[in-house]
Amino acid sequence: MCSFELFQFMNLVIIGTGYVGLVTGTCFSETGNMVVCVDIDKAKVAKLSAGQITIYEPGLEKIFLRNLKEERLCFTSDLASVVNEAEVIFLALPTPPGADGAADLKYVLGVAEELGKLLKGYKVIVNKSTVPVGTADKVREAIAKNYKGEFDVVSNPEFLCEGVAVEDFMKPDRVVIGTTSERAKKLMSELYAPYVRQGNPIIFMDERSSELTKYAANSFLAMKISFMNEIAQLCEKMGADVDMVRRGIGSDDRIGKRFLFSGIGYGGSCFPKDVQALVRSADEVQYDFKILKAVEKVNAAQKLHLVEKIKAYYNGNISGKHFALWGLAFKPNTDDIREAPALSIITALIAEGATITAYDPEAMQHVKESLGDAICYAPSHYEALEGANALIIATEWSEFRTPDFQRIEKHFPSKLIFDGRNLFEVAKMQSMGYLYISIGRLNSCNLI
Ligand SMILES: NC(=O)c1ccc[n+]([C@@H]2O[C@H](COP(=O)([O-])OP(=O)(O)OC[C@H]3O[C@@H](n4cnc5c(N)ncnc54)[C@H](O)[C@@H]3O)[C@@H](O)[C@H]2O)c1
């Protein structure tokens, strides 16, 4: 006999409308919930309310516009006017590294204190920000300073990846929920039911384990990347090919195929800050997290590995050289440039007297806002090549993968490529007459 449970839509408030908050709010509205997204950035709220999406994320705009039109999704800066309409309140606030590398909780705890002044009845407050173990207790205390009524604080870390965030949210591998409250557990199960219909699990646990799960996941993935970057270094020194080694180990289920690509290090708004925060959290309880400290060190060096190859090619002097740079975002399919390896490369090259013309399909505006005219920007990846001594590839956007090489040659007779993402086959590039320098591969002219 089949049984059907009929779930009612919920009224939700999402506080913080950045990459996580906007995806969360939009995807919750897509299954029929009534969602109000709150942000202190009034310009952002005005844009979103007018139907202008504020981040680039594949597939997001379409469902954002649909739910905005259906009035299931709206935006405000006035938390007080909406908070008591909600059954569940999500915190999707920044947790940037503080001066010592530990996650700075001022946004999360500031909003929690504000909530305490506003709440009028039972609510579930769900923390989606990535936060150190014990934060749920701190949020509870901050709310309880001013509010004596009933409420629950739940940890619900977000595992979405920028670039595939909508898909990750709509069909998550798993949903992790940290709570010991049966009432909150029931509400959270109902809310996530439409997203786990294919049998992907909702894993319930206590708040502390849930908070640590998020850091453990990101740190493990960062470790996988750094491990492969060290294997790539060995390949270069031993005459092996990292692509072969990757395929050889990735086909083992125990290892898995993903996050095994060597390159120019991990970046983004999560891995660097989360690895750093977990190291600091471990220090606080007098635990020396040796593997993660090594992961950080390897990544810092890897971000500049391509620059070292470039300098080695020019015998240490790149002053006056002009480079085309393909890719600025920390990974493809996003406009996010936080901790992007491309920025470390730019800084290092400019410091040595080189000049750069860059192209990125989505991230150029953000780089213009932070670097201004320190570099030039081209309207296409082909035009970026004009007058360049060499091409540097820093992000593996699909449009860079199968370029028109005849067109490239027209703009770029020097035929010298430093590829930090191993986009092309070494043998093919050599047969076309390129000097093609990539990461950890055979015959790719290992300079250092
Ligand atoms: N970006 C990701 O891929 C990702 C994935 C998983 C988890 N996370 C975690 O989620 C959290 C949010 O990350 P993000 O990338 O969405 O950050 P973000 O910087 O893109 O967005 C944060 C938003 O919060 C707003 N804000 C700040 N203070 C506020 C306040 N007092 N009231 C209302 N709004 C306020 C900001 O204006 C901004 O729009 C972080 O803890 C991050 O580590 C991020």
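Order of listing sets the numbers, starting from 1, for every ligand and every atom in it. Keep in mind that the numbers below use all heavy atoms, side chains included, and drop hydrogens, waters and symmetry copies.
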Strictly distance-based, threshold 3.5 Å: is any side-chain N or O of [X] a donor or acceptor partner for the main-chain N or O of [Y]?
X: Thr76; Y: Asp78; value: yes
X: Asn299; Y: Val295; value: no
X: Ser155; Y: Asn127; value: no
X: Glu362; Y: Thr334; value: no

Could you label the plane-to-plane angle of the [X] and [Y] rings as parallel, tilted or perpendicular, counting under 30° as parallel and over 60° as perpendicular?
X: Tyr195; Y: Phe28; result: perpendicular
X: Tyr359; Y: Phe400; result: perpendicular
X: Tyr266; Y: Phe271; result: perpendicular

So between Pro94, Ser269, Cys161, whose heavy atom ends up nearest atom 22 (C) of ligand 1?
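The option holding the nearest heavy atom is Pro94.
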Given Thr334, Asp168, Ile40, which has its nearest heavy atom closest to atom 33 (C) of ligand 1?
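That would be Ile40.
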Would you check the N or O atoms of [X], main chain and side chain alike, for any that come under 3.5 Å of an N or O of ligand 1?
X: Asp41; result: no
X: Phe159; result: no
X: Tyr107; result: no
X: Glu114; result: no
X: Lys273; result: yes
X: Arg338; result: yes
X: Glu158; result: no

Which residue holds the protein heavy atom closest to [atom], what is that atom called, and what is the gap in Å?
atom: atom 3 (O) of ligand 1; value: Glu162 OE2, 3.1 Å
atom: atom 31 (N) of ligand 1; value: Val111 CG2, 3.4 Å
atom: atom 20 (O) of ligand 1; value: Tyr19 N, 3.2 Å
atom: atom 21 (O) of ligand 1; value: Gly18 CA, 3.1 Å
atom: atom 8 (N) of ligand 1; value: Val20 CG2, 3.5 Å
atom: atom 11 (C) of ligand 1; value: Leu93 O, 3.2 Å
atom: atom 24 (O) of ligand 1; value: Gly16 CA, 3.4 Å
atom: atom 9 (C) of ligand 1; value: Thr130 OG1, 3.5 Å

Under a 4.0 angstrom heavy-atom cut-off, which atoms of ligand 1 come close to [X]?
X: Lys214; value: 6 (C)
X: Thr95; value: 40 (C), 41 (O), 43 (O)
X: Lys44; value: 38 (C), 39 (O)
X: Ile15; value: 32 (N), 33 (C)

Closest contact, heavy atoms only, Gly263 versus Ile439
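Residues Gly263 and Ile439, closest heavy atoms: O-CG2, 3.9 Å.
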Ionic contact status for [Y] with [X], cut-off 4.0 Å:
X: Asp243; Y: Arg441; value: yes
X: Lys309; Y: Glu236; value: yes
X: Asp252; Y: Arg254; value: yes

Applying a heavy-atom cut-off of 4.0 Å, say which part of [X] lies close to ligand 1: side chain, backbone, both or neither.
X: Asp336; result: neither
X: Asp39; result: both
X: Cys270; result: side chain

Is it true that the NZ or CZ of Arg338 lies under 6.0 Å from the centre of Phe330's six-membered ring and within 45 degrees of the ring axis?
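No, cation not above the ring by the 6.0 Å, 45° rule.
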Hydrogens and angles aside, do Asp404 and Tyr382 bring a side-chain donor and acceptor to less than 3.5 Å of each other?
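There is no such pair between these side chains.
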From Thr31 atom OG1 to Arg197 atom CZ, the distance as rounded to the nearest 0.5 Å
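Going from OG1 on Thr31 over to CZ on Arg197, the span is 11.0 Å.
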